[in-house]
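Some notes on the structure that comes next.
Atom set for the values below is all heavy atoms of this structure, side chains included, hydrogens, waters and symmetry mates excluded. The first residue in the sequence is number 1, and the count goes up from there.
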Amino acid sequence: MASRPGILSDWPWKPLGSFKYMLLAPCIVHSSYSMMVKDNSEKDMFNFLILPFLLWRMLHNQIWITFSRYRTAKGNARIVDKGIEFDQVDRERNWDDQILFSGLIFYLANYVFAGASHIPLWKTDGAVMAILLHMGPVEFLYYWLHRALHHHFLYSRYHSHHHSSIVTEPITSVIHPFAEHISYFFLFAIPLLTLAFTKKASMMVVFGYVTYIDFMNNMGHCNFEIIPTWLFNMFPLLKYLMYTPSFHSLHHTQFRTNYSLFMPFYDYIYGTTDKATNQLYDSALKREEETTDVVHLTHLTTPESIYHLRLGFPYLASKPYTPKWYLRLMWPMTAWSVFLTWAYGRAFIVEGCRFDKLKLQTWAIPKYNFEYFLQSEKMAINKMIEEAILDADRKGIKVLSLGLMNQGEDLNIYGGLYVSRNPNLKVKIVDGSSLAAAVVLNNIPKGTTQVLLMGKLTKVAYALAFALCQRGVKVATMHKHDYERLKKSLTNSESNLIIAKGYTQMTWLVEDQLTEEEQLKAPTGALFIPYSQFPPRKYRKDCFYHCTPAMLIPSCVENVHSCEVCSNNLFLICLINLIIVAMFLATCIGGFISFVNIPNIKFHTRCIYCRIGCQGG
């Protein structure tokens, strides 16, 4: 929101929430009915294609969002070396308002203006007219409107809302108050209305012009340089006819320069071109892929989880594991994403952030949960993990942590398989078990004298049993073979390890595979604390379920602005990264990391990113 919001700052359909799309329903119904019922001579193909065009605009914008976030995570050609935060993501989440607005205008113009209905597919003279009108009146008027919006009166009431985003994303381009969007509409309507009144309009010109505006807007705000130098060397005058992402980025950092819309020649004419334009363009193109210090290697969970990634749809992450009916309608895209990840066949960058001087990245391998339970897939999974480790080693990465199901005794001996295969590895491979055990231990209520350990004996389970027995807490198991295995690993505290004779314990340490039958045996008021990456399904309303281990992230971490990884339960992604270096140093000197008491760490039981839980973002 602007610092001093003026009139018509909010979109009129803001109270409707997601139901705002119903505003288009009458037009869509009328358009579809006309195509099915009316004679061929009365059918208006342009009217019918408005809805598919709006969907194309949404897809076009989403492609830019995904591509931009992927490229900025890699770091090559990045312009502004800062991260974005929650307030920017929340401010920019309604980027589709302008698409809805344009749809209503298109339908209205189609019904009102005779020249905007039953238009042909293509008209060359109309295309030439649109280009000239954009280069002339639109660019000229926008330049002076933009300078006027930077006057204190208008800036504080309207345009400051857009400039709140110093580090831009593609969707930043359309984040303006409603009144400002109206002024832009009148500008961009100059070519379209002229074509309509002169009977020169065509579907390809109208849709192509709006797509051009979307493309240039997204490109100019993507925060990485994409225009190659050879293009300007081949066409020197192009620098006056097409701006670059670095050109417009300077406007967001300097505020008083580079006002042009898409064609910078008015900045050159009126002397408002930033002096650092060429220097920033060259330096951004020369910037190589960022060398990170720590990598967390995770994987996809379900086919729909691709939408919950930072590369996907941020708003889907606020309610993890909540079914969304519209995701079922997106099954073609889901199937296509599954095919792409299968064809890609190697780890890809999901996100990057910075902790003080440490650079952190999250990588994911294109495998889903169910594949980890297939014996036939284990060799392929291990190959992908090993290739990612070797790639990290070549890039000089110091530490790589194995997350989710990429670690396991059956799969790779908690990463030991890769160390034995590659004895000359310089990158340190860890699994974060000590940190996970520390968080679980801090979730156990004070005064607890006995716990029931239910589930597979993972590395975390052994660590929990050891720490609890050292504290004098009785650790009970239901199966004798689990008791024997734990007893072998404990040396001086085996007296606190017992075989349970019943299910009377009030604190249960469980895995995600805890069945309904097992949960029904727990006494009323029992507390289930998971030590696995995923929580168990909830079958009891008279018991308490703790969520998976999570911690409050330090405020100095940059580029933490999404809960997407929370929705996928990408277990302790960022927090493991933050502790890895300390673990690595302790490992190098042969030290022992106590997972019983870790001082100066605040524990959080909700989202590992947002400080108020997964409420938004």
Side-chain angles (χ1 to χ4, degrees), residues 60-61 63-64 67-68 71-72 74-81 127-150 159 162-163 165-174 184 187-188 190-191 205 208-288:
H60 183 198
N61 282 274
I63 291 172
W64 269 106
F67 183 47
S68 174
R71 281 292 302 271
T72 51
K74 289 183 66 177
N76 55 316
R78 188 165 57 200
I79 301 169
V80 180
D81 194 18
V128 174
M129 185 181 295
I131 294 172
L132 294 176
L133 287 170
H134 178 84
M135 293 178 63
V138 174
E139 289 283 346
F140 177 77
L141 292 174
Y142 178 89
Y143 175 84
W144 287 107
L145 172 64
H146 197 176
R147 291 193 65 169
L149 286 169
H150 276 261
H159 201 53
H162 176 69
H163 274 276
S165 303
I166 304 297
V167 183
T168 59
E169 287 200 296
I171 52 175
T172 306
S173 61
V174 294
Y184 295 147
L187 279 179
F188 297 135
I190 291 174
V205 170
Y209 180 61
V210 178
T211 300
Y212 163 76
I213 293 172
D214 286 342
F215 179 87
M216 296 300 290
N217 264 330
N218 285 319
M219 184 192 72
H221 292 79
C222 66
N223 196 33
F224 64 91
E225 192 51 72
I226 193 174
I227 308 299
T229 54
W230 62 261
L231 191 61
F232 291 122
N233 293 333
M234 186 177 297
F235 306 101
L237 294 180
L238 195 61
K239 65 179 291 187
Y240 302 106
L241 300 177
M242 182 178 70
Y243 74 168
T244 63
S246 57
F247 181 94
H248 191 71
S249 179
L250 281 170
H251 177 71
H252 276 263
T253 55
Q254 303 303 319
F255 298 102
R256 296 294 181 179
T257 57
N258 296 6
Y259 291 102
S260 293
L261 178 57
F262 307 138
M263 300 178 177
F265 55 80
Y266 285 113
D267 276 306
Y268 285 99
I269 291 174
Y270 295 108
T272 52
T273 305
D274 197 287
K275 295 179 180 179
T277 296
N278 294 332
Q279 179 184 354
L280 181 61
Y281 171 74
D282 293 334
S283 62
L285 280 178
K286 292 177 182 177
R287 183 167 183 168
E288 298 179 353

For this session: Would you indicate whether the side-chain heavy atoms of Y209 and V138 approach each other to under 4.5 Å?
Result: yes

Problem set entry | ring pair (Phe, Tyr, Trp, His ring centres under 6.0 Å) evaluation trace for W144 with Y270 | CA-CA 11 Å; W144 287 107; Y270 295 108; 5.0 Å; yes

Exercise. Does a side-chain heavy-atom distance below 4.5 Å link Y184 with L145?
Worked result: yes

Exercise. Would you call F232 and T244 a side-chain contact if the rule is heavy atoms closer than 4.5 Å?
Worked result: yes

For this session: Compute whether any side-chain donor of one residue and acceptor of the other, for E225 and S246, lie under 3.5 angstrom apart.
Result: yes

For this session: Take F140 and F265, measure what ring pair (Phe, Tyr, Trp, His ring centres under 6.0 Å) needs, and give me the verdict at the end.
Result: CA-CA 10 Å; F140 177 77; F265 55 80; 9.7 Å; no

For this session: State the CG-OG distance between L241 and S260, to the nearest 0.5 angstrom.
Result: 11.0 Å

Problem set entry | Residue that, paired with F262, satisfies side-chain contact (heavy atoms from CB on, under 4.5 Å) out of H248, M216, M219 | M216

For this session: Indicate whether any N or O donor in one side chain lies under 3.5 Å from an N or O acceptor in the other, for N223 and T168.
Result: no

Exercise. Do T257 and T273 come within less than 4.5 Å of each other through their side chains, counting heavy atoms only?
Worked result: no

Exercise. Is any NZ, NE, NH1 or NH2 atom of the basic residue among D81 and R287 found under 4.0 Å from an Asp or Glu carboxylate oxygen of the other?
Worked result: yes

Exercise. Using 30° and 60° as the class limits, which term best fits the ring planes of H60 and W64: parallel, tilted or perpendicular?
Worked result: tilted

Exercise. Would you say Q279 has more than 12 foreign heavy atoms packed within less than 6.0 Å of its CD?
Worked result: no

Exercise. At what distance, to the nearest 0.5 angstrom, does CG of D274 lie from CZ of F255?
Worked result: 12.5 Å

Problem set entry | Heavy-atom closest contact (S249 atom, V80 atom, distance) | OG-CG2, 3.3 Å

Exercise. Between the side chains of Y143 and T272, is a donor N or O closer than 3.5 angstrom to an acceptor N or O?
Worked result: yes

Problem set entry | Ring-face cation of R147 near Y259 (centre distance under 6.0 Å, axis angle within 45°) | yes

Problem set entry | Euclidean distance, D214 CG relative to S173 OG, rounded to 0.5 Å | 7.5 Å

For this session: First locate atom OH of Y266, then atom NE2 of H146, and finally report the distance between them rounded to the nearest 0.5 Å.
Result: 16.0 Å

Problem set entry | Gap separating the OG atom of S283 from the CG atom of N278, nearest 0.5 angstrom | 10.5 Å

Exercise. Can you find a pair of side-chain heavy atoms, one from M263 and one from M242, that are under 4.5 Å apart?
Worked result: no

For this session: Specify the closest pair of heavy atoms between Y243 and G220, including all atoms of both residues, with the distance to one decimal.
Result: OH-CA, 3.3 Å

Problem set entry | Closest heavy-atom pair and its distance - L133, P191 | CD1-CA, 3.7 Å

For this session: Taking all non-hydrogen atoms of both residues into account, name the closest pair between P245 and I226 and its distance.
Result: CG-CG2, 4.1 Å

Seminar exercise, completed: In terms of heavy-atom contacts, I166 and H252 come closest through CD1-O, 3.7 Å

For this session: Can you see which heavy atom on K239 is nearest to which on Y268, and at what distance?
Result: CE-OH, 3.3 Å

For this session: List the steps and the verdict of ring pair (Phe, Tyr, Trp, His ring centres under 6.0 Å) for H221 and H251.
Result: CA-CA 10 Å; H221 292 79; H251 177 71; 8.9 Å; no

Exercise. Which value, rounded to the nearest 0.5 Å, describes the distance between T229 atom OG1 and K286 atom NZ?
Worked result: 9.5 Å

Exercise. Going through the distances and angles, do H134 and F188 end up as a ring pair (Phe, Tyr, Trp, His ring centres under 6.0 Å)?
Worked result: CA-CA 8 Å; H134 178 84; F188 297 135; 7.0 Å; no

Exercise. Going by heavy atoms in the side chains, are L141 and I190 under 4.5 Å from each other?
Worked result: yes

